Amino acid sequence: MARLAHPLSIFSQSRFLCCHNAKHALTFTALARAPNSRDETGALPTTAVKLTSKARRKAFFESPEGVLLRKLNECSKDGDVVQALRHYDEARESGIPLGLDHYNKLLYLCSVENDGAAVPRLGLRRGFEIFQQMLNDRVQPNEATFTNAARVAAAKEDPDMAFELLKQMKNVAIAPKLRSYEPALFGFCKRGDAEKAYLVDADMVESGIVAEEPELSALLEVSVNAKKEDKVYEILHRLRATVRQVSESTSRVVEEWFHSDYAATIGREVWDARKVREGIVRGGGGWHGQGWLGSGRWKVAKTQVNEDGVCLSCGEKLVSIDIDPKETENFAASLCNLACQKEAKANFVHFQKWLERHRPFDAVVDGANVGLANGHNFSFSQLNTVVEQLRQMSPSKRLPLVILHISRVNGGPAQNPKYRRFIENWKKNGALYTTPQGSNDDWYWLYAAVSCKCLLLTNDEMRDHLFQLLGSSFFPRWKEKHQVRTLGSTCGRSLIMPPRYSIVIQESANGSWHVPTVASDDHETPRKWLCATRSRKNSLHNLWTSSSTYN
């Protein structure tokens with residue numbers, strides 16, 4: 001049977017990986033899979049004897065290739081590129097075949113070489129030599145290979161080559177990741193080449209890769225320095241949509257823009273109030289997207305916002321941005337699909353049916369989180385206190401839904417007659433769901449709160465791997481409007497309700513901006529905001545006093 005051609009077989013011996021300058025040319029050799037060529041890992045074929053998986057692992061572990069990989073792993077842990085290159089040279093001299101993992105380790109070390117290396121920039125000098133040797137050896141590169149090679153290029157202050165490597169990766173049908181774009185993007189931004197940074201960004205968007213704060217912050221800074229006001233405006237809105245609250249370092253870049261002399265010259269003194277209003281309504285509040293409004297210098301202040309959403313610097317009231325009900329339904333459906341993949345499907349389907357019979361609820365309680373909030377011992381008294389608080393706050397005076405694992409309900413403190421009465425009361429009122437053995441409570445209480453469109457009481461910041469699986473910009477917006485927390489040592493006696501306004505970058509109808517920074521998990525420490533306003537003299541601000549009018 002004929003073998004399929006290797007993805008890189010489209011390159012002939014004379015095909016070059018070129019960048020802006022011929023001195024960077026690297027030859028791509030034909031990598032068609034010949035009968036005697038290496039396997040997918042780059043190793044030469046062995047005998048046809050069938051071995052068990054365990055035997056194969058043992059054989060590789062004890063082979064020269066396996067010993068070399070362990071040595072390179074140790075060098076990777078220590079960041080020792082000099083020793084790694086010694087191992088590489090010895091392996092070449094000894095004829096030890098290198099595979100994909102070997103080359104990726106070497107390229108990674110070459111790309112992260114620090115200034116304190118024993119032989120400065122040795123890895124950078126040899127990185128592309130190693131990459132070319134990998135191609136000569138007909139070892140199939142993957143995304144990590146190209147990304148590490150691009151990092152070497154960026155470390156050599158050659159973002160053009162990093163971008164060219166990215167293009168070649170796509171040409172051979174290897175899907176790039178966000179990290180694949182970083183060497184070129186950060187390299188152009190560091191060089192101050194805004195136009196080429198925008199090309200990388202456009203390619204990233206075309207590939208369906210969503211930029212995160214580090215990438216957007218770099219694009220913002222290069223745009224500020226290049227005086228690209230339209231790009232500054234665009235990136236602020238991208239930060240609003242995907243990041244919401246910025247780090248201190250990004251906040252400093254935003255502040256630099258508003259303080260600049262150039263920013264004072266940008267903006268319209270007269271604008272169409274109707275279009276601004278339509279933009280605010282269409283976006284759900286908090287922004288209009290009509291461009292820079294107002295004229296003159298910006299007044300910039302680091303400030304706070306009170307519990308009613310009023311900025312303590314300019315007095316403007318921030319808004320609570322609407323969530324599209326359809327988005328909530330779609331999120332609940334995707335959450336259900338994920339839960340059925342991660343949990344025993346029959347268990348989760350049983351919960352959904354139970355929830356349909358007993359809903360609606362005004363609140364859901366993460367029982368384990370609340371019961372353990374003050375230490376390692378589970379407290380039913382503490383849990384019952386917050387349950388009663390939520391019942392009193394409920395318009396219907398109904399008990400909230402408590403989610404607890406079966407081990408909490410059947411063992412330990414649950415055997416105490418006093419606590420047993422709490423449990424039986426919740427059961428009798430259809431307000432307790434017991435999750436089965438082997439289940440993860442998180443799926444149950446999150447799905448219940450989302451599908452019931454109600455409050456969720458938990459101190460869990462929901463940042464672990466499970467919540468990363470959700471991969472949705474909707475989740476932080478939903479969490480902001482629905483999560484209730486208990487306050488530190490007074491857990492069970494003081495509830496922190498969701499804010500009455502959205503903690504997100506807001507652009508008002510009179511042209512002012514409010515940018516929140518990321519807060520610590522200490523909810524008693526006020527969040528810092530950056531407030532940027534302009535004088536309203538000679539403007540039409542009175543036609544549209546504030547976006548808070550449309551809250």
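As the structure is a computational prediction, the values presented were derived from the model and not from experiment.
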With a sphere of 6.0 Å drawn around [atom1] of [X], does it hold more than 12 non-hydrogen atoms of other residues, nucleotides or ligands?
X	atom1	answer
K228	NZ	no
K227	NZ	no
K190	NZ	no
K397	NZ	yes
H259	NE2	yes

**Report entry** Test: R268 cationic atom under 6.0 Å from W292 six-membered ring centre, within 45° of axis
**Finding:**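 Not flagged: R268 not positioned over aromatic ring of W292.
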Does [X] come within less than 4.0 Å of [Y], counting only side-chain N to carboxylate O?
X	Y	value
K528	E248	yes
R274	D272	yes
E480	R477	no
R391	D362	no
R500	D308	yes
E234	R238	yes

Report task. Please work out which of the three classes, parallel, tilted or perpendicular, describes the rings of W529 and Y501, given edges at 30° and 60°. Result ->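 The arrangement is tilted - the two ring planes meet at 30° to 60°.
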Query raised in the report: What are the two closest heavy atoms between C454 and F361, and how far apart are they?
Result: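 Looking at all heavy atoms of both residues, the closest pair is CB-O, 3.2 Å.
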Requested in this report: Compute the ring centroids of F422 and F380, then answer whether they are less than 6.0 Å apart.
Outcome: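 No, too far apart.
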Requested in this report: Would you check if the side chain of S502 reaches a backbone N or O of I321 as a donor-acceptor pair within less than 3.5 Å?
Outcome: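 Confirmed, S502 side chain pairs with I321 backbone.
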Query raised in the report: Would you say the side-chain atoms of H288 pair up with the backbone N or O of R277, donor to acceptor, closer than 3.5 Å?
Result: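 No, the answer is negative, given that no donor and acceptor are paired below the 3.5 Å cut-off.
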Report task. Going by the side-chain contact (heavy atoms from CB on, under 4.5 Å) test, name the single residue among I423, V370, L457 that passes it with L383. Result ->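 Only match with L383 under side-chain contact (heavy atoms from CB on, under 4.5 Å): V370.
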